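What follows is a set of notes on a single structure, which appears directly below.
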Amino acid sequence: MKDYDLNEPVEISSDTYWVGQYGEELLERNIYLRVFKAGQKKINLIIDPGPPKDLQNLIKKVNKIIGDIKNINLIFINHQDPDVAYNSATIQKLNNNCLVLASEDTFRLINFYGLDSKKFKSIESFKNQEVTLSTGHKLKFVPSPHCHFRGAVMLYDPETRILFSGDLFGGLSFKNELFAKDGFWEGIKVFHQIYMPTKDALKYALENIKKLNPPPLFICPQHGSIISEDKVKEAIENMENLEVGLDLYLKRAEKENYIFALNELLNYAKNLVDKDNLDKILKFFSDTSFTSIFSFSGNEIKDIKVDFPYSLEYFVKNIRFLLPKEKLDAFDAELVSILLRYSLPVPSIQHTEIDEIELF
C-alpha cells in the first residue's frame, strides 16, 4: 500500500472513503463515508461519525466529497460510545431528514445525545437483518453483541465487500498506519484484551462474519488500521484464539487463589519441621538454580510461572519429600482443607516411599 495524506479523505474502495483523523494518539478514530449512486439518485451514508473533537476535521473531509455535510442522508452507529456516535446528533440537526440506523439497545443510549427518535430505524426492524436502499444497493447488519457493547452491530456492504466492524478488530495505533502492515496484530490484541468482555463474545461475532457471502475483502474498524485482503484471514484466526477481559481477569483470580493456597501450605509446613529442615524447604523452593516455577519475595510465593495445577502438584510432591514421615498425614489433611477452601482441585497424593527428589 502506498502512503496516504491523512489530512485528506482517502478512497479505500469504490465510492467508499476514510474521513477520520490521525494524530499522535494511541486511540485514533476512523470514520467512513459511503456514497451510493444510481443514475441521478445518490445516498450518502456516514459510519460511526465520531466525537466532537473530530467534528471540524470530519466536516472538512466530507465537504470535499459530497459538497456539504448537510448532504448526509444516513448515519450508521455500531454502538453508543461518544467516540463513535456523538457527532450523529450534530449531523442530524444540520439535516432534519437524516435517518439513523442502529440497534434498539444502542439507540436507547445515543438518544441522549439529542437524536430525533422519529428519524431512527432499528436494525431489528429489517427482515433478515438486511436493507435495500432506493439506489438498489443492499446492506447487511451483522450482530456482534458484547463486542464490546450488548447492542453492537457491524455493517457489511456486499458490493465493496467491506465489513465496518466498529470496535471489533479495532486496535491501538502504535504505528499510525491507515492500512495494516506486518506486526499489526499487537495493537489489536492489546485493545481487545482491555475492552472486550469474553472470548465467547468474540467467537459469536466471528461466526457471524464467517456466514457472510461473499466474505469480506476489507475489515474497517473504528480504531486502528484498516485490515485489507491479505491480512483478513490472519486477523480472524488470531481473534479466534484470543483471551480477553473477564477471561484474563478470572485467570488472574485463579492464580491468586493458587498463590494464597500455596503460601498457606508453605506456612503450615514450616510449623512441622525444625530449623534445619525449614531452611532446606525454603532453599529448595526459592533457589532459582533448581527451578523457575515460583517467584519469591522473602519467604512468600509471589508468582507462578507455569500451569497452575502443575505448580501445585510439583509443590506437594516435593514438600512431602522434605517433611518428616510422621508429619505427612497432618500435612495431607491440611492440604485437602486449604484446597477445598479455595475451590482448587486436590492432586493425587503419593504415599509410596521415594529415595530421592527428581531435581537433586
Side-chain angles (χ1 to χ4, degrees), residues 20 29-34 36 43-51 72-93 95 97-133 137-158 160 162-170 191-192 195-213 216 219-223 239 244-246:
R29 282 81 53 198
N30 295 320
I31 306 171
Y32 304 99
L33 173 66
R34 173 67 160 107
F36 300 99
I43 297 175
N44 300 312
L45 164 68
I46 200 83
I47 299 154
D48 295 337
I72 295 293
N73 311 109
L74 280 175
I75 305 173
F76 176 80
I77 307 293
N78 176 274
H79 65 287
Q80 87 292 344
D81 285 354
D83 64 314
V84 175
Y86 198 97
N87 285 335
S88 57
T90 301
I91 295 171
Q92 195 178 64
K93 283 179 172 59
N95 178 358
N97 292 317
C98 183
L99 189 68
V100 172
L101 303 175
S103 70
E104 291 177 357
D105 285 323
T106 293
F107 192 78
R108 194 173 297 120
L109 295 174
I110 63 174
N111 177 54
F112 291 108
Y113 296 146
L115 290 166
D116 183 355
S117 60
K118 295 177 182 178
K119 295 296 179 180
F120 161 67
K121 291 289 185 183
S122 72
I123 64 102
E124 293 88 350
S125 66
F126 294 103
K127 185 178 179 180
N128 298 322
Q129 296 182 321
E130 293 181 348
V131 60
T132 301
L133 303 178
H137 296 86
K138 293 183 182 296
L139 292 174
K140 174 74 175 174
F141 304 113
V142 187
S144 53
H146 299 286
C147 291
H148 65 109
F149 173 63
R150 169 190 168 104
V153 177
M154 301 177 285
L155 182 68
Y156 186 54
D157 179 358
T160 59
I162 293 177
L163 177 67
F164 300 97
S165 61
D167 275 2
L168 188 63
F169 293 100
F191 177 83
H192 283 65
Y195 288 108
M196 293 294 163
T198 68
K199 187 175 183 177
D200 287 341
L202 296 178
K203 283 186 173 180
Y204 181 82
L206 293 174
E207 287 303 312
N208 286 339
I209 292 173
K210 290 177 183 178
K211 294 175 185 175
L212 293 174
N213 185 22
I219 297 177
C220 290
Q222 207 256 333
H223 302 290
M239 193 69 74
V244 297
L246 189 60

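One-based numbering along the sequence shown. The structure displayed is predicted, hence computed values, not measured ones. Values below: every heavy atom of this structure, side chains too, minus hydrogens, waters and symmetry copies.
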Q: Quick one: do L109 and F149 satisfy side-chain contact (heavy atoms from CB on, under 4.5 Å)? Show the steps, please.
A: CA-CA 11 Å; L109 295 174; F149 173 63; 3.8 Å; yes
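- Looking at E124, its side chain does come within 3.5 Å of a backbone N or O of E104 through a donor-acceptor pair.
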Q.
Determine whether D105 and R108 satisfy the following criterion, salt bridge (charged side-chain N to carboxylate O under 4.0 Å, His left out), listing intermediate values before the conclusion.
A. CA-CA 5 Å; D105 285 323; R108 194 173 297 120; 2.6 Å; yes
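- Annotation: side-chain hydrogen bond (donor to acceptor under 3.5 Å, both in side chains) contacts of K210 (sequence neighbours excluded): E240.
- Across all non-hydrogen atoms, the minimal contact from D48 to G166 is OD2-CA, 4.0 Å.
- Closest approach of A201 to C147, counting heavy atoms only: O-SG, 3.4 Å.
- Between K140 atom NZ and N208 atom CG the span is 8.5 Å, to the nearest 0.5 Å.
- For F191, the ring pair (Phe, Tyr, Trp, His ring centres under 6.0 Å) partners at least two apart in sequence or on another chain are Y195, H223.
- Every side-chain hydrogen bond (donor to acceptor under 3.5 Å, both in side chains) that T132 has, sequence neighbours left out, goes to K138.
- For N128 (side chain) and E130 (main-chain N/O), no donor-acceptor pair under 3.5 Å exists by modelled atom type.
- The distance from atom SG of C98 to atom CD1 of I72, rounded to the nearest 0.5 Å, is 7.0 Å.
- When all heavy atoms of N30 and P221 are compared, the pair lying nearest together is ND2-O, 3.1 Å.
- Nearest heavy atoms, K119 versus N97: NZ-OD1, 3.9 Å.
- The side-chain contact (heavy atoms from CB on, under 4.5 Å) check on A89 picks up K93, Y113, L115, with sequence neighbours excluded.
- In this structure, Y32 and F164 have tilted ring planes: the angle between them lies in the 30° to 60° band.
- Every residue meeting the side-chain hydrogen bond (donor to acceptor under 3.5 Å, both in side chains) condition with H137, not counting sequence neighbours, appears here in chain and number order: T135.
- For N73, there are no side-chain hydrogen bond (donor to acceptor under 3.5 Å, both in side chains) partners, not counting sequence neighbours.
- When all heavy atoms of F169 and S165 are compared, the closest pair comes out as CB-OG, 4.1 Å.
- Pairing each heavy atom of P49 with each of S88, the nearest pair is CG-N, 3.7 Å.
- Taking CD1 from I123 and CD1 from I77, the interatomic distance works out to 13.5 Å, rounded to the nearest 0.5 Å.
- Distance CD1/I110 to OH/Y86: 13.0 Å, rounded to 0.5 Å.
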